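One structure is given here, and the rest of the page talks about it.
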Amino acid sequence: MLSSRLRLAHRLPILLGWVILGPALAGAQAFAGQAKVDDQRLLSAGAEPGQWLMVGRTYAEDRFSPLAQINTNNIKRLGLAWFFATGTRRGLEATSLVADGVLFTTGTWSRVYALDAATGKLIWSYDPQVPRRWGAYACCDVVNRGVAVWQGRVYVGTLDGRLVALEAATGKPLWSVMTVPAGQPYTITMAPRVIHGKVILGNGGAEYPGVRGYVSAYDGADGHLVWRFYTVPGASAPAEGAAMAQARRTWSDERWQMTGGGGTVWNDIAYDPQLNLVYFGTGNPSPWNSVIRNGDGKDNLFTDSIVALDADSGAYRWHFQTTPADAWDYDADENLVLATLKIDGRPRRVVMQANKNGFFYLLDRASGEFISGKAFVAQNWASRLDPGTGRPVLAGPPYGINGRFVRPSVFGAHNWQPMAFDPGRRLAYIPAIDAPFLYQPESRFRAVAGRWSTGLNLAAQAAPAGLDPLLLEAVIRRVVGGELIAWDPVEQRARWRAKQPLPFNGGVLATSGGMVFQGTADGRFVVYDADRGAVLWQRRLPNGIIAAPMSYEIAGKQYVAVMMGFGGALGLSGGDAVLVRGRDYAGYLLVWTLDGAASLAPAKPARHNLPEPFSIRADSAALAEGDRLYNQHCAVCHGANVISASALPDLRYIDAETHRRFNAIVLGGGLSRRGMPGFADLLTAAQVEKIHAYVVKRAELTRHAKLEPRWWTAVKEFVYPKIAPLLNWLQMRKFG
Ligand code: CA
């Protein structure tokens with residue numbers, strides 16, 4: 001008895017300590033990463049300059065930070081505050097969020113990370129364990145563009161179609177709902193948005209048969225489906241209401257049933273609280289080839305459209321179609337920015353978009369009325385937009401049997417990499433892409449389940465199998481590039497253009513400091529003067545950047561954060577167009593501040609030894625067929641012309657053992673656990689043999705090029721860029 005009393009007395013201070021300190025400690029722990037973000041905070045996110053509560057910062061999605069501590073006067077002092085290594089080597093596309101001192105971001109395979117935003121210390125991470133075979137359904141890498149936070153929860157859409165709610169303080173999963181039909185090749189790469197407690201989410205996959213686009217709203221508390229809006233007609237038409245009846249009239253012979261229709265909602269979403277309208281873009285009709293899809297050239301609603309829905313009910317309000325009867329994969333999923341602009345003397349509430357098709361659109365966001373539109377890059381698919389309706393007037397038939405070189409390409413003049421809008425300067429900053437594409441119909445269309453089925457001969461881009469690798473590089477580099485464009489949406493003209501050597505550069509952040517921040521594909525983080533476009537500061541980095549930066553403030557200090565990890569659509573398939581020798585593919589979150597003194601670990605560049613000699617007997621016809629098959633089926637991941645610019649294997653450098661197992665891998669699915677699907681449903685053994693012969697041929701040429709004397713390489717490097725324009729001109733003339 002006594003002893004137990006003594007023990008109690010001994011423990012009393014500890015117990016008392018817990019009574020007093022316990023809740024305070026628990027409170028502090030819970031506060032870290034709790035994301036106490038309610039509807040009101042989201043609605044007035046613009047009034048908290050130090051936070052970044054949603055990927056576009058506010059519902060207007062302008063990606064403009066009012067912070068100005070880092071500005072044109074002190075930008076030279078910018079340095080790395082801290083960094084976080086994701087330990088991954090593929091594309092990183094997320095914009096980070098910062099809520100009350102905690103930074104939330106995502107990486108490959110839909111992983112989520114919560115970090116101390118001041119120090120970079122990892123608080124928790126979450127891996128949804130996406131089956132690696134799902135990577136074969138990801139048209140454009142196993143990427144993710146970020147999370148949403150609301151009421152102590154973090155929401156992520158996973159590559160394989162789940163919406164998962166995590167406890168913000170711990171990363172513990174609270175619930176998970178499957179948002180796509182089981183087994184169908186849908187993917188989610190977009191960041192969800194939370195609007196009045198509903199999580200809005202779409203998905204991608206319009207290159208794959210069976211995919212019908214839609215966007216859904218789930219209850220943020222328990223994940224039950226509140227509403228769903230389909231973007232294209234389906235089989236159960238009469239029950240689908242007026243909007244689908246309207247869409248149905250714009251398709252021929254129910255041809256959407258052949259491929260699902262497409263029209264996927266795979267990227268950013270904006271919201272106008274006063275109108276209570278949610279805005280999103282829709283993707284390409286499926287298949288890409290409009291002749292197969294749509295003999296009489298009907299519009300195919302609501303593909304390639306900007307759509308407004310009632311946020312509470314998901315009811316259709318208006319749409320504006322940017323590319324009717326699309327033949328070029330001109331998705332309208334690029335980010336939408338809301339602003340109020342003075343047009344013809346009166347303020348108008350607009351929604352704007354730099355579309356994949358090369359035109360910048362300004363619409364009235366209450367009615368969807370077309371205000372104006374102008375090409376922001378050189379393009380040759382449309383001769384102009386009708387000034388009254390905004391409907392494009394085509395420059396001619398999309399493409400004949402032989403095909404045609406068209407600008408922009410399937411990668412668009414602007415893709416998912418978000419533009420930013422500075423409301424004070426009234427300028428949009430567009431990360432633009434310049435690359436032509438040879439659109440050539442496939443001679444025999446086959447819709448194959450779970451496979452790219454576009455109706456186009458993607459292999460038309462391929463260079464002849466025997467072409468010198470250096471000459472190929474010189475020609476390709478001659479015709480592609482990127483630029484950052486400062487665009488005046490009212491006057492519909494460029495204020496300045498900053499040229500960049502490679503296409504597919506990062507998304508953009510504009511700040512009150514009078515600057516524009518952007519990472520580049522060739523591995524630089526660059527700060528531009530917002531008024532003039534001059535480069536004020538830049539830092540060379542070991543890897544390319546495609547994600548958009550964001551900015552936040554903690555304890556009076558401004559930070560700028562950006563994910564670094566090259567990959568994505570053009571990153572995987574681009575070959576020479578986006579290749580940087582010695583690139584280190586390691587993924588990082590980089591966080592910059594004034595006088596930041598951290599330094600990255602030394603780069604470990606991807607090194608290629610000489611390709612191993614291997615021989616396969618094949619005549620020129622077999623090689624040509626292997627060339628066609630490789631560039632049709634393999635290049636989307638392993639790179640055009642067997643040149644990989646990403647962390648995915650460059651097949652010229654596979655070892656002898658892999659050569660011996662080539663058939664077992666390609667047909668038998670020997671590496672399916674690593675995301676390389678078997679192609680037995682698509683290719684025969686004889687065809688795989690031809691692909692292999694072509695790969696070996698490209699490896700052999702590369703081996704020879706690497707073994708030739710230095711002086712000879714130097715001569716070629718001098719001569720090839722000189723003749724590249726001529727070769728390019730001849731090619732363009734052939735397919736003009
Ligand atoms: Ca598309």
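Model, not experiment: these values are computed from the prediction. All residue numbers refer to positions in the sequence shown, counting from 1. Note that ligands are numbered from 1 as they come in the structure, with each ligand's atoms numbered from 1 the same way.
- The Ca ion (ligand 1) has an N, O or S atom of Asp329 under 3.0 Å away, backbone or side chain.
- Between the CD1 atom in Ile292 and the CZ atom in Phe445 there is a gap of 5.0 Å [rounded to 0.5 Å].
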Report task. Test His633 against Tyr630 for side-chain hydrogen bond (donor to acceptor under 3.5 Å, both in side chains), laying out the working first. Result -> CA-CA 5 Å; His633 301 297; Tyr630 172 90; over 6 Å; no
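- The Ca ion (ligand 1) lies under 3.0 Å from an N, O or S atom belonging to Asn284.
- Atom CZ of Arg228 sits in a crowded spot, with more than 12 heavy atoms from other residues, nucleotides or ligands closer than 6.0 Å.
- Using modelled atom types and a 3.5 Å distance limit, the side chains of Asn357 and Thr323 yield a donor-acceptor pair.
- Minimum-distance N/O/S atom of Glu207 relative to the Ca ion (ligand 1): OE2.
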